[in-house]
Structures are given as C-alpha cells and as structure tokens.
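Every value quoted in this text rests on a predicted model; they were computed, and no experiment measured them. Naming: A, B, ... by sequence-line order, numbering from 1 per chain. Heavy-atom basis, side chains included; hydrogens, waters and symmetry copies ignored.
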Amino acid sequence: MEKRLIKKDVLAGIVGKIAGDVNLVAPVKEEDNVLFELVKDGVTALSSYRNTKNAPKAFFFPRSETLMRYTRKEKGYEFTGLGEDVSGQTVIFGVRPCDARSFVILDLLFDQDKYKDPYYIEKRANTTVVAVGCTKPPYSTCFCTSVDGSPMSTEGADVFLTDLGESYLAEFLTDKGEKLLKYFGDAKADAGAEKKKEEIAQAAAKEIKKTIPAHEIKAWLDANFEHPFWETVHKKCLACGTCTFMCPTCHCFDIQDEVKAADGKRIRNWDSCMFPLFTRETSGHNPRTSQKERWRQRFMHKFRYYVDMFGPIACVGCGRCVMSCPVNIDIRKIAEDISKL
Amino acid sequence: MQNPYVPIPVVVDKIITEVDTKDIKTFRLAFQNKQDEENFKYIPGQFAELSVFGKGESPIGIASSPTQKGYIEFTVQRAGLVTSFLHEMEEGTHMGVRGPLGNSWPIEFLEGKNIVVVGGGFAFTTLRSLINYMIHGDNRKRFGNITVIYGARNPGLLIYKDELKEWEKRDDLNINVTVDKGDDTWKGREGFVPAVCREVAPSSDNAVAVICGPPIMIRFTLPVFFDLKFSKENIITSLEMRMKCGIGKCGRCNVGHKYVCKDGPVFSLAELDKLTKEY
Ligand SMILES: Cc1cc2nc3c(=O)[nH]c(=O)nc-3n(C[C@H](O)[C@H](O)[C@H](O)COP(=O)(O)OP(=O)(O)OC[C@H]3O[C@@H](n4cnc5c(N)ncnc54)[C@H](O)[C@@H]3O)c2cc1C
Ligand code: SF4
Ligand code: SF4
Ligand code: FES
C-alpha cells in the first residue's frame, strides 16, 4: 500500500487539481448547512467541517433518478434508452468513515449475485472515495463504535486521510485509490507518521462516549416481533420520513412514470417505510396498519433483518436520524431500552 | 451487465374476458424478439412485472405453463392504474414484461407425490399454470394422483371455463369445481371451498397441498388440511405484498428477512411459521 505525507496547506491545491480533471464531490457550505455537492467553479470545498447534513449515498443512489426513457409510437410507448444522468469519473472527497462504511453495506444489497442494480453499480465503480478520519469525533450523537465502525475505520475508502497536525497521512488502499497518487506528491510517509496515526486512532475511539448494545439486542429482536414494548416507540412519530431520508444506509425506493406529450420517463425516487402508503395494496389491505408496525419495521430492518440477510447491521452510527428527528425520537435510546427488557 | 429494470417488449396477442362481471381478463402476450422468448425460462408459480410505459408496473402471476410455447399468459383483475389500463387495451398493443421473477411452486419437491391443488376466486392463476404443467404428456408420470378443488362465488366468476371442461374429461385428474351459490343453469357442485375440501377429503399419504385464494378461504381451508393430517411442510401457498422492483432492492415487500418478490412468493406453512406475521 502506498502512503504519502502531505503538508496541510497543499491539500486545497490537490483538491482543485482533481476537480479540474474529474467530477469532484465534496462538502461545501450552503446557507447554514454543510452538504456534499458537486464542486463547480466558484465553489470552495471545505477542509474543516464536522460532517455533512446529507448522506453521500445520494451520489450512487440519487434521491430521484431516471431509469429509462420512452416515446409514444403507434402501438404504444417504446423504450428509447436509459436515463442520461449516469455520472462520469468522480471523486468524493472528505467522506467520514461512517459514511464510507455505508457504501460497503449498500453494496451488499445493490450488487448481489442474482440481481445487480446497474445504476448504482456503475456510479460506484466510477467513483473514488477519499475518506477523512475523525481524529476528533464531531458530534455527541456519534456511535460508530457500537456498530462495527470506528472514527478511523478505512472500510469503504479508496484513499484515507488522517490529520496528523501539521500534515495529512494519505493511505492509498485500493487500485482505484492509487490512480490518485499522482496528485499527492512524492513525500513518502515514514514509520513515525504511522505510529502517530495509531495513537490518534486510539484516542479518537475513546472520544466516542456513546455506546449502544446494537449486537446484544439481536436475540431479543429475533424472539419479540410481538411485544408490548413496540407500543411505546412510535407514539410521537409524525411519519415524516426525515430519519430515513437522512440515513446513509436506507435504500427503499418507489418507481414512477412521468409523461410529457409524446415522451416519458420511468424514475425511481427515495421512499420510506415510515409512510403509511408504503405497503398499502390497491385493495386497501395494508400489512402495516399503524406507525407502530412501521417503526418496528425500521428498527428490525436495521438491527435484525439486514443482519440475517447480509451480515452487517444497517446502521453506521452517524447519528443523523437522532439529530434531525423533529420530535426527538432517538434510535440509540430504543436499543438501550430493549436491552433492559 | 443485464439491466433488470428494463422490460422485455411484448405484443398483446389475445385478450379473453374470463368472467360475467368483465373485470377479470386473460392477456396472451407474445415476445417481439425471438431471443427474448428463448431467454424467458419460467417455472409455474413465478410472476412477472407487467410494464406499461406511462402508467407503471404490476406484479402478476404467470398463468400459462412453460409447456405452452410461443406466448405467456396473465389473468388480471381490474384494480388501479396499471390493471385498468390493461383492461382498456386492444389486441396488438405493445407493452413490456419484466421477469420471470420470484421462486416457484417447488416442482422437484412435488415430484413423485400426490398433489392436491386448492384454489379460490381469481387467485387460481399460477395454480392453473401448475396443473397444465403437471398434466402435460411429458410430465404427467412424474406426479402421483392429482386432485383439484376450485371454487368461485358464482358460476359467472369461474375463470378458465373452457379449460375446466377439458380437464373434467380427463381420467388422470380428479377435478372438483364448486360455486358458493349456483344459478338456474348450474349443474355442478355448490358449497364453499373449505367444505368441499372436507367432503373430498384427499389423503395426506405422500401428498402435498398447494393452496391459493383469498385470505378468508385460506383461513377456513387450512384447518381442514390439518385435520386430514397434512404437515406444515406439505402445505404450500403463495403470498402477496405490494411490490415495485420485484428484485429485492426497493425494500417494499419484506416479511421479516425475506423479500416476497425474490425469496417468495411461494412458501410452505412451515417456512411461514418461521417468519414474522406481517402480510
Ligand atoms: C406475486 C404477486 C402475484 C400477483 N398476481 C396477480 C394476478 O395473477 N392477477 C391479478 O389480478 N393480480 C395479481 N396480483 C395483485 C396485483 O399486483 C395488484 O392488484 C396490482 O399491482 C394493482 O396495480 P394497479 O396499478 O392496478 O393499482 P394501483 O393502486 O394504481 O397500484 C399502484 C402500484 O402499487 C403496487 N401494488 C398495489 N397493490 C398491490 C398488490 N396487491 N400486490 C402487489 N403490488 C401492488 C403495484 O406496483 C402497482 O402498480 C399479484 C400480486 C403479487 C404480489
Ligand atoms: S439509523 Fe440513524 S444513526 Fe444509523 S446510519 Fe441511519 S441515520 Fe445514521
Ligand atoms: S424523523 Fe422522527 S418523526 Fe419523522 S418519521 Fe422518523 S422517527 Fe418519525
Ligand atoms: S418489490 Fe422491491 S424489494 Fe420486493
């Protein structure tokens, strides 16, 4: 594995050069928020930020995406081609380790043996992930260490940057990552830099004060689909879906058709298990009749079903849902409460 | 990479109105490209997404049997947007199909056994596929006795009427068609499906029951089969959940950790016992 040391003040230049050659997605300031966005002329990528409001999954699995186009012919509409939003070579810069892990978790769903999702897979293959370790975990709501992550986890990263104070340690972890080597100069990292990184990593992990019994509750979840506890979780929930839209691992979508004059497109849009209509059949039958069933589904999907289907928990501990729920429902507290039952 | 979201182009070859109320029709679809027809290898019990550009898609069980060559058939009840469009369509219309999707009736498991097929209402579609598959000359000897119990509310609501008559003429098939309530011309059996099952009383000896119908029928039919000593492993059914992608991605149709579109729709009662009760 190649490693480089780069002085802090050259990073902005490196980012600028990459942006000149390929699409660059990076955290930028937009009004009061920090968001991942395509960096265009006149926009500056932030070098100092906590994490973005939006999860970067949107660059592989956009909120709204054209799957295909068609046009009216004499005997009915006919297919004319796929969507045109397929991105070119892209670098996502500044992804936090929790979000980088979310890509690995989503790969398990979108890139299976039997059915492959070409839209996701193509964008993923064309994208290089440059992650930046959380030397100082940004929020009190972070709990990555409870769900198999850590503030310095390199899982899902092609290049991993660690802030060593004066300089960054850049680790080139994959073939894709090594293609970016040319931008990073030739100052090889020495053993001292690696040792420093180790120390920082250990200190950072200790900074994550919040832990939840994410694995420990699995046995209870397996046994207690029906339990009075589920009556207590959803009471305040507005079914607004914010938690699922913010979440880096939520992947539910709807497919809709849109037609203008003779031309139409089939689009997929993010959807949410928190919405009453999500499972409602045309007959009116709905297997999940109230918000209780929907909250149980959201929680079970993350901590039980995804584990049974693919192995990992479908939560990376980013805390976005905790921070953005308008009525302060806290997924961490639900896990804790369950562990006390 | 094959794109599982892009429908296969088909043309509507024939439309058959199945019932007096005219809200159930069978659509015979022919592939526009020969190669697609060869690639579309299905097993009874699978379904496909009927795809209408401009409207959307609906998951519908495949009603034809793979032993019928040159076309595929679907029997559709008019319900909402897509199914209403299908009902308005004329022969010759171009549309799309995505599939075959889902698992299937467990053919290998059924082989060498006596098969009891129980259907109610228009949920008879993939059962019809199974029956036509089993009684086909190439396959008939791979299965033991075949008993069919099929019911509808009244004679006008029975689907596949011509085929039912053909089946009744055969001596390698025990067919029992019933209606909840007959009319002046009905000479057949009257009575609800569960009651008829109790009367016919198929033996559970080396037998599997394949049951599909409205929830209420299933609810009252299952106890009959338990009384007849069918084990839960030997009672097979098919689930319905709202679907979109049909390929286990959109997160809509899960029952516990199984996606009905991909891991189902066919499950044995023993398998269902292990899943959450949310369907
Ligand atoms: C495995 C399977 C097999 C089926 N087989 C048949 C069949 O052989 N014949 C038949 O008439 N019907 C069948 N259905 C039910 C049929 O899919 C729905 O009636 C149909 O999707 C309604 O669509 P719509 O566009 O007309 O209604 P709308 O209300 O406009 O539906 C909107 C969309 O929601 C989804 N949806 C709504 N209800 C259902 C539902 N009950 N099941 C699945 N998706 C739904 C579909 O994507 C649909 O396009 C089957 C369902 C499943 C899951
Ligand atoms: S469930 Fe909440 S904390 Fe976990 S990954 Fe999703 S948004 Fe982040
Ligand atoms: S963000 Fe909060 S209120 Fe909104 S759906 Fe999620 S849990 Fe419910
Ligand atoms: S229909 Fe999309 S997951 Fe089953």
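Both the backbone and the side chain of A:Ile255 come within contact range of chain B, judged by heavy atoms closer than 4.5 Å. Proximity to chain B is limited to the side chain of A:Phe225, based on heavy atoms less than 4.5 angstrom apart. Interface remark: A:Arg268 contributes side-chain atoms only to the contact with chain B (heavy atom separation under 4.5 Å). Using a 4.5 Å cut-off between heavy atoms, B:Val255 does not touch chain A at all. Interface residue A:Phe79: backbone and side-chain heavy atoms are both found under 4.5 Å from chain B. Contacts of A:Met68 with chain B are made by side-chain atoms alone, with heavy-atom separations under 4.5 Å and no backbone atom involved. Proximity to chain B (any heavy atom under 4.5 Å) is restricted, for A:Thr282, to the side chain, taken from C-beta onward.
Taking OH from A:Tyr305 and NZ from B:Lys258, the interatomic distance works out to 13.0 Å, rounded to the nearest 0.5 Å.
Taking the centre of each ring, B:Phe53 and A:Tyr77 stay at or above the 6.0 Å mark.
Looking only at atom types and distance, the side chain of A:Arg296 has no donor-acceptor partner in the side chain of B:Thr276 under 3.5 Å away.
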Run A:Leu82 and B:Val6 through side chain to side chain contact (heavy atoms under 4.5 Å, CB included) and show every step you take. CA-CA 9 Å; A:Leu82 299 176; B:Val6 176; 3.7 Å; yes

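Heavy-atom minimum distance, B:Ser51 versus A:Arg266: OG-NH1, 2.6 Å. A:Gln112 and B:Gly248 get closest at one heavy-atom pair: NE2-O, 4.1 Å.
A donor-acceptor contact shorter than 3.5 Å links the side chain of A:Tyr70 to the backbone of B:Gly54. The backbone N or O of B:Lys249 lies less than 3.5 Å from a partner atom in the side chain of A:His251, making a donor-acceptor pair.
Between B:Lys244 and A:Asp271 no salt bridge is recorded (no basic side-chain N to carboxylate O distance below 4.0 Å).
Within residues 211-222 of chain B, no residue has any heavy atom under 4.5 Å from a heavy atom of chain A.
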